[in-house]
There are 2 protein chains.
Amino acid sequence: MMRRLIPRCAPRATAFLAPRRSPLGLFPAARQYSISPAAASETKLQDIDPAQLVLNKTPNPKSLKKPEDLIFGRNFTDHMLTIEWNQETGWLKPQIGPYQNLSLDPASCVFHYAFECFEGLKAYKDKDGQVRLFRPDKNMERFNKSAARIALPNFNSAALIDLIARFAKLESRFIPEERGYSLYLRPTMIGTQKTLGVGPPGSALLFVIASPVGPYYPTGFKAVSLEATDYAVRAWPGGVGDKKLGANYAPCIVPQREAMSRGFQQNLWLFGEDEYVTEVGTMNFFVALRNKQTGRKELITAPLDGTILEGVTRDSVLSLARERLALEGWDVIERKYTMKELDEAASEGRLIEAFGAGTAAIVSPVRAISWRGKLVSCGLKDNEESGEIATKMKNWIEARQYGDDAHEWSYVC
Amino acid sequence: MMRRLIPRCAPRATAFLAPRRSPLGLFPAARQYSISPAAASETKLQDIDPAQLVLNKTPNPKSLKKPEDLIFGRNFTDHMLTIEWNQETGWLKPQIGPYQNLSLDPASCVFHYAFECFEGLKAYKDKDGQVRLFRPDKNMERFNKSAARIALPNFNSAALIDLIARFAKLESRFIPEERGYSLYLRPTMIGTQKTLGVGPPGSALLFVIASPVGPYYPTGFKAVSLEATDYAVRAWPGGVGDKKLGANYAPCIVPQREAMSRGFQQNLWLFGEDEYVTEVGTMNFFVALRNKQTGRKELITAPLDGTILEGVTRDSVLSLARERLALEGWDVIERKYTMKELDEAASEGRLIEAFGAGTAAIVSPVRAISWRGKLVSCGLKDNEESGEIATKMKNWIEARQYGDDAHEWSYVC
């Protein structure tokens, strides 16, 4: 029944006239870049242009925290990258300026209708002190898809990667040298139109902030246990669960908190009467098991059917598995699978290991899943905190992130 | 399979310590109200307290627009009501101060994870010049449900109604005397915690802004035509489609724009393989038809099964229909019904009328629905812009909103 939804970056039909003045009051220099409405109507909308970058360094650089005191997403660097957009002009001059509050009209559509999408990627410092991004093209591709799905503007990916790279390099003093440390980058796009009518935003702001982060497992892997959620559903065919929209996150907190209240670190999202396994908390999910019929080893993850986030780490795990695990006799499979299948494999001793995959942890080994009142053990021995595949994947992916394994996935800033 | 999700206002378990300083920099007086963390841990969290209201009138009142120039949600009154919350103290002193920008850290969770929910209600001026709210208790009940579903704090409904009433009264000069005009009130709650970790917000802001609005149909009803959307899904069982969350709105814009690009004013949301009729654009949907078997007249709307917004106007229509239309021989029914049923009723001449129901328009008559390549006519004659029930409902509800029909639904400020 479903036709494919192709969100188009269609001409904006609203009669709303965005104010010529910056809606944000940020970086006054930006306001000087404007063309008359008459000229705009004759001109192609401007794309993001790195050559126009305005750099305004902070006069008050922050002192660095001790690496061991870094907590994910709590402390930020000196600066932020901002690019305003409006429907008459397109993208205005990119700005790098001091990290500062956003000043927004309370009627701004981001506060009311969740016109917001984001990305998460990291910058790493290699052994030569160079700053490297990991597969930023994948993030930009997804960022554009997310934006289009909620009628926010698209942009040239290479241009934004160039700007993010410059920003990461500018902030490189915040990235500790030690392995495991990185700079978490958060590109975000919000609708800034300040009217309550529900329609496509006539103005938007893209901003990038950066938070230095330590290793997810400072003292080695620590396997987590999950609670399968059967009373709430994260995503649906024809919905937006495959996009990185703010809208997909707030509704996940209560089920997550419920799982934690019963002693589980994360919840596992099931789908439908058949209880298909989809994602874990905010990560994609992989299971390794031995096929009941053939006895062959299989690494399985759910397919991109519109209900699964198109994870960059998911893609990296699949790619490395096909390149390297296949040689070791593994079949690498994207298919739907149920909680019942996992339970059966576990009870028959065929479940080898399971892990989440995402940018924050790379991989997150899973010890057990609470489902229908029983605890399904995912293959780890009591004294193990990670399976073989999760360990290999972490090492393989990190080697590419830090440039030890030279590869096109690594982008030198 | 679905258990009922009961979002509880559980103790907040995060270790995050919200800054003692206001995260917003709004209304400095508010910052003086704080208690020490030690005291907070021994004290019940404070609820919203109207007695603590701090009123700070603007020194620069706006000039009034001509009533005929008012556009929904584009112009706002002189002031706004704000109430900050944090997990140590609870709700801080309510403030009414000049309408102004919000100043928020770019890491604030409202920008990233859609921690936001809202309400829409109107204040009316009656023939004696009194300001009246319409069923604010229903809005507050839903507001609390929406907030709880995304781990935002709850509050005492009566206290917020009292504050909103005072705010509406303060702004009464913005409400024109003429019938059809009103003051649209937009209570909004956003998460303000400024960290990127995905978890329950440790701080929040509730604000109310107000926009004077004119009649939805300044020159009488104008029936709309709809496009049935079969490629995207608004809501699903176990999801959050019954809550007034920002998350439910941005994803609706592209299907809405698609419908408009083909000449339809709104889209109609279908659900599932059976194509159940759920909602129209951002309104609930009613159909009046003659039962195929019994020949009886039926007013039908979809039931509150978790995929339908619990509309206040929907409830008012149902209530008035049961009170008054039943006497005229109508059966008033909440049940699932399909697009196929409507099409059949239309082709057999049994479809009497159809209309959307929501706060903005009260009722919005529907002329036709585009579905599977054909146009299903909804019962209006070519020279009619509204059916009998839609017209009656608009008059009945307006009479209660403006206090002509004295009723407990109307709350005198």
Side-chain angles (χ1 to χ4, degrees), chain A residues 1-5 7 10 13 25 72-74 76 80 99 101-107 110-116 118 149-151 184 186 188 190-191 195-200 207 209 211 230-233 236-240 245-247 249-254 257 260-261 273 282, chain B residues 1-5 7 10 13 25 72-74 76 80 99 101-107 110-116 118 149-151 184 186 188 190-191 195-200 207 209 211 230-233 236-240 245-247 249-254 257 260-261 273 282:
Chain A
M1 191 199 74
M2 296 290 168
R3 277 197 282 126
R4 187 171 158 72
L5 174 65
F72 173 80
R74 177 123 8 140
F76 296 89
M80 62 196 291
Y99 186 97
N101 276 12
L102 303 178
S103 175
L104 289 164
D105 191 290
V110 65
F111 295 131
H112 302 269
Y113 307 128
F115 283 104
E116 55 188 78
F118 67 96
R149 183 60 187 82
I150 52 172
Y184 181 82
R186 170 57 63 93
T188 309
I190 61 175
T195 59
L196 295 181
V198 181
F207 65 88
I209 53 177
S211 170
D230 61 1
Y231 56 86
V233 176
W236 196 270
V240 293
L245 306 183
Y249 288 79
C252 292
I253 300 305
V254 169
R257 199 167 58 181
M260 290 181 82
S261 75
E273 292 294 325
T282 56
Chain B
M1 190 198 75
M2 297 287 168
R3 276 195 284 125
R4 188 171 159 72
L5 174 64
F72 173 79
R74 177 121 11 140
F76 297 88
M80 62 195 291
Y99 186 96
N101 276 13
L102 302 177
S103 174
L104 289 164
D105 191 289
V110 64
F111 295 131
H112 302 270
Y113 307 129
F115 284 105
E116 56 187 76
F118 67 95
R149 183 60 188 83
I150 52 172
Y184 181 82
R186 171 56 63 94
T188 309
I190 62 175
T195 58
L196 296 181
V198 181
F207 64 89
I209 53 178
S211 170
D230 62 1
Y231 55 85
V233 175
W236 51 86
V240 294
L245 306 183
Y249 289 79
C252 292
I253 300 304
V254 169
R257 199 166 58 183
M260 290 182 83
S261 74
E273 294 292 325
T282 56

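Numbers restart at 1 for each chain; the letters A, B, ... are given by sequence-line order, proteins then strands.
- Scanning both residues, A:Asn101 and B:Ser103, for their nearest heavy atoms gives ND2-OG, 3.0 Å.
- Here the side chain of A:Arg149 pairs a donor or acceptor atom with the backbone of B:Pro251 at under 3.5 angstrom.
- Contact record, B:Pro237 with A:Trp236: CD-CH2, 3.8 Å, taken as the closest heavy-atom pair.
- The ring-ring contact (aromatic ring centres under 6.0 Å, His included) search around A:Phe118 returns A:Tyr249, B:Tyr113, not counting sequence neighbours.
- The nearest pair of heavy atoms linking B:Ala114 to A:Glu116 is N-OE2, 2.8 Å.
- Counting heavy-atom pairs closer than 4.5 Å to chain B, the top-ranked of the candidates A:Gly73, A:Pro106, A:Gly197, A:Ala247 is A:Pro106.
- With a threshold of 4.5 angstrom between heavy atoms, B:Phe111 approaches chain A through its backbone and through its side chain.
- Judged as a side chain to side chain contact (heavy atoms under 4.5 Å, CB included), and not counting sequence neighbours, the contacts of B:Phe72 are A:Leu196, B:Tyr184, B:Val213.
- Heavy-atom pairs under 4.5 Å with chain A peak, among B:Val198, B:Ile253, B:Val110, at B:Ile253.
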